[in-house]
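First the structure, in the form of structure tokens, and then the observations on it.
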Amino acid sequence: MPPSVPSAPRRVARILRTSLFAQVLCALVLGIVVGKLWPGFASDLQPLGDGFTRLIKTIISPLVFCVVVVGIAKAGDLKAFGRIGLKALIWFEVASTAALIIGLVAANVVQPGSGMHVDPSTLSTKAVDAKTGGSALPSTTEFIVNALPTSFIGAFAENSLLQVLILACLVGAALLHLGHTKVPQVLPAVEQAQEIIFAIVGFVMRLAPIAVFGAMAVLIGQYGLGVIETYAKLIILCYVAAALFIALLAVALRMVTGLSLWKFLRYIREEMLLALGTASTESVMPRVMQKLRRAGARDDAVGLVLPTGYSFNLDGASLYLSIGTLFIAQAVGVDLSLSQQITVVLVLMLTSKGMAGIPGSAFLALSATASSLGAIPAGAVALLLGVDRIMDSMRVVTNLLGNCVAVFAVSRWEGALDVERAKRVLGGEAAAEAEDVPEAAVPVAQ
């Protein structure tokens with residue numbers, strides 16, 4: 001007698017019960033419907049997304065610390081770790097500069113702000129001040145000084161990733177210096193703590209669909225779909241430019257590692273959908289770190305490159321800032337010369353590096369750029385207030401993919417990537433095997 005085939009409702013129920021991707025996708029659609037039909041109720045759902053993000057943030061710092069310490073201690077070569085950091089910074093600068101240039105070229109060709117004829121005298125900076133909370137981007141000196149921890153516990157309490165990275169490098173270097181014979185219990189303890197943190201990540205991720213539902217309902221309830229019609233030209237331009245940049249990332253990944261970005265997208269589709277729904281790359285950072293390690297990237301490369309990229313490699317933000325600057329200039333009738341546009345690139349190369357974790361950082365960077373040019377009224381930045389939240393999806397996807405490609409590329413250059421394993425895992429051939437094999441035991445191609 002042939003085995004019975006489950007009915008369609010049962011198959012759907014099983015998929016919803018076992019697939020995080022399906023759960024998040026349904027939550028995304030449901031959030032849009034609720035936000036559109038009941039905007040008043042939707043605004044009360046803000047704590048759902050915020051609560052999930054807060055839980056994830058409590059995990060990130062200890063996770064980064066454990067991964068980096070274990071990576072350095074097991075790699076056994078502090079010089080290699082320094083080379084990874086240097087190569088990562090070079091990659092970040094090239095990638096973010098390319099994003100800025102692509103944005104400027106696209107804005108010059110399409111002219112998204114032309115024809116708006118906005119009177120600058122009707123614009124006020126009060127709305128921008130409210131958005132940014134009166135904060136300011138740190139100078140280069142402040143950024144470097146603030147990256148240095150003043151307290152071991154304080155770095156974790158403030159969730160400062162750069163400070164945690166520095167502490168992890170120091171602890172890892174100390175373990176190498178002392179050797180496992182003098183402190184035989186420290187490294188196993190850090191490894192066990194790492195496993196506990198990953199278990200916590202698994203618990204928290206079960207709340208992801210609820211967080212996506214709340215975040216999407218709030219977005220649609222507050223801004224509605226009308227803003228898309230008003231800023232359609234700008235929105236389409238930003239997303240098309242982002243698609244072009246991602247295509248370049250795919251070419252770069254193929255040339256450097258031989259890997260497919262499309263297969264990698266399928267591999268992290270759950271995390272990508274969650275990042276889109278919550279408009280936050282931090283919400284998926286622990287899971288992405290775990291998947292990169294399973295895909296053959298060595299612990300020290302993942303632990304250093306990915307967290308550092310959150311501060312130094314905001315490709316999506318760079319793309320948006322360059323397009324946004326030209327958009328507001330065109331909207332108020334200011335024609336920027338070539339030299340002024342070069343100044344835009346140079347200023348944004350600096351200001352975009354200190355944006356992570358600062359409320360309204362995009363508007364602070366735009367205001368700083370406008371002030372440096374002296375040709376764009378400060379109040380013109382307010383033109384982007386209505387559309388900024390809609391751009392989060394573009395920024396999140398581009399930032400996340402840019403940092404993941406950086407991990408693979410730098411790992412390959414340093415001989416810290418098992419390419420054959422990566423191809424098997426991304427192709428789905430070793431998915432079950434990758435779940436069972438401890439990350440630290442993954443072989444590394446030298």
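Bear in mind that the values here come from a model prediction, so they are computed numbers and not experimental data.
In this structure, CE on Met285 lies 13.0 Å from CD on Gln290, to the nearest 0.5 angstrom. In this structure, Lys87 NZ and Ser411 OG are separated by 10.5 Å, a value rounded to the nearest 0.5 Å. For the atom pair Ile246 CD1 and Leu400 CG, the distance stands at 9.5 Å (nearest 0.5 Å).
Summarising the geometry of Gly303 relative to Val68, their closest heavy-atom pair is O-CG2, 3.2 Å, with the distance given to 0.1 Å. Residues Ile102 and Ala241 approach most closely at CG2-O, 4.2 Å, considering heavy atoms.
Lys57 NZ: 12 or fewer foreign heavy atoms inside a 6.0 Å radius.
Inter-residue side-chain proximity for Val425 and Arg421 is flagged as met; some heavy-atom pair is nearer than 4.5 Å. Considering only heavy atoms from C-beta on, Leu167 comes within 4.5 Å of Phe156 through its side chain. Using a 4.5 Å cut-off on side-chain heavy atoms (C-beta onward), Leu304 and Asp300 make no contact. Contact check for Val94 versus Trp91: no side-chain heavy atoms found under the 4.5 Å cut-off. Counting heavy atoms from C-beta outward, Leu249 and Arg254 have side chains that stay 4.5 Å or more apart. Between Met205 and Leu274, some side-chain heavy-atom pair lies under the 4.5 Å cut-off. Met394 places none of its side-chain heavy atoms less than 4.5 Å from the side chain of Ile235. Contact annotation: the side chain of Phe152 approaches that of Val171 to within less than 4.5 Å [non-hydrogen atoms, C-beta and beyond].
For the side-chain contact (heavy atoms from CB on, under 4.5 Å) test with Phe408, the passing option among Val256, Leu417, Val302 is Leu417; the others fail.
With 3.5 Å as the limit, one finds a donor-acceptor pair spanning the side chains of Gln341 and Asn108.
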Worked verdict on Arg287 versus Glu270 for salt bridge (Lys or Arg N to Asp or Glu O under 4.0 Å): CA-CA 10 Å; Arg287 288 260 301 194; Glu270 295 172 349; 2.8 Å; yes

Pair Leu234-Met391, side chain to side chain contact (heavy atoms under 4.5 Å, CB included): steps then yes or no: CA-CA 10 Å; Leu234 175 63; Met391 298 297 186; 3.8 Å; yes

Ile197/Cys66 under side chain to side chain contact (heavy atoms under 4.5 Å, CB included): CA gap, chis, key distance, verdict: CA-CA 9 Å; Ile197 294 170; Cys66 291; 4.0 Å; yes

Evaluation steps, side chain to side chain contact (heavy atoms under 4.5 Å, CB included), between Ser96 and Leu314: CA-CA 7 Å; Ser96 57; Leu314 302 174; over 6 Å; no

Worked verdict on Leu401 versus Leu265 for side chain to side chain contact (heavy atoms under 4.5 Å, CB included): CA-CA 8 Å; Leu401 287 179; Leu265 267 171; 3.8 Å; yes

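Distance alone, capped at 3.5 Å, places no donor-acceptor pair between the Asn403 side chain and the Leu306 backbone. Proximity of a side-chain donor or acceptor of Arg269 to a complementary backbone N or O of Arg266 within less than 3.5 Å is detected. Under the 3.5 Å distance criterion, the side-chain polar atoms of Asp315 are left unmatched by any main-chain donor or acceptor of Gly402. Judged by distance alone, the side chain of Glu158 and the main-chain N or O of Ala155 form no donor-acceptor pair under 3.5 Å.
By the side-chain contact (heavy atoms from CB on, under 4.5 Å) test, Ser393 is found to be paired with Tyr239, Leu276, residues two or more places apart in sequence or in another chain being considered. Scored by the side-chain contact (heavy atoms from CB on, under 4.5 Å) test, Leu25 finds Phe21, Leu273 as partners (sequence neighbours excluded).
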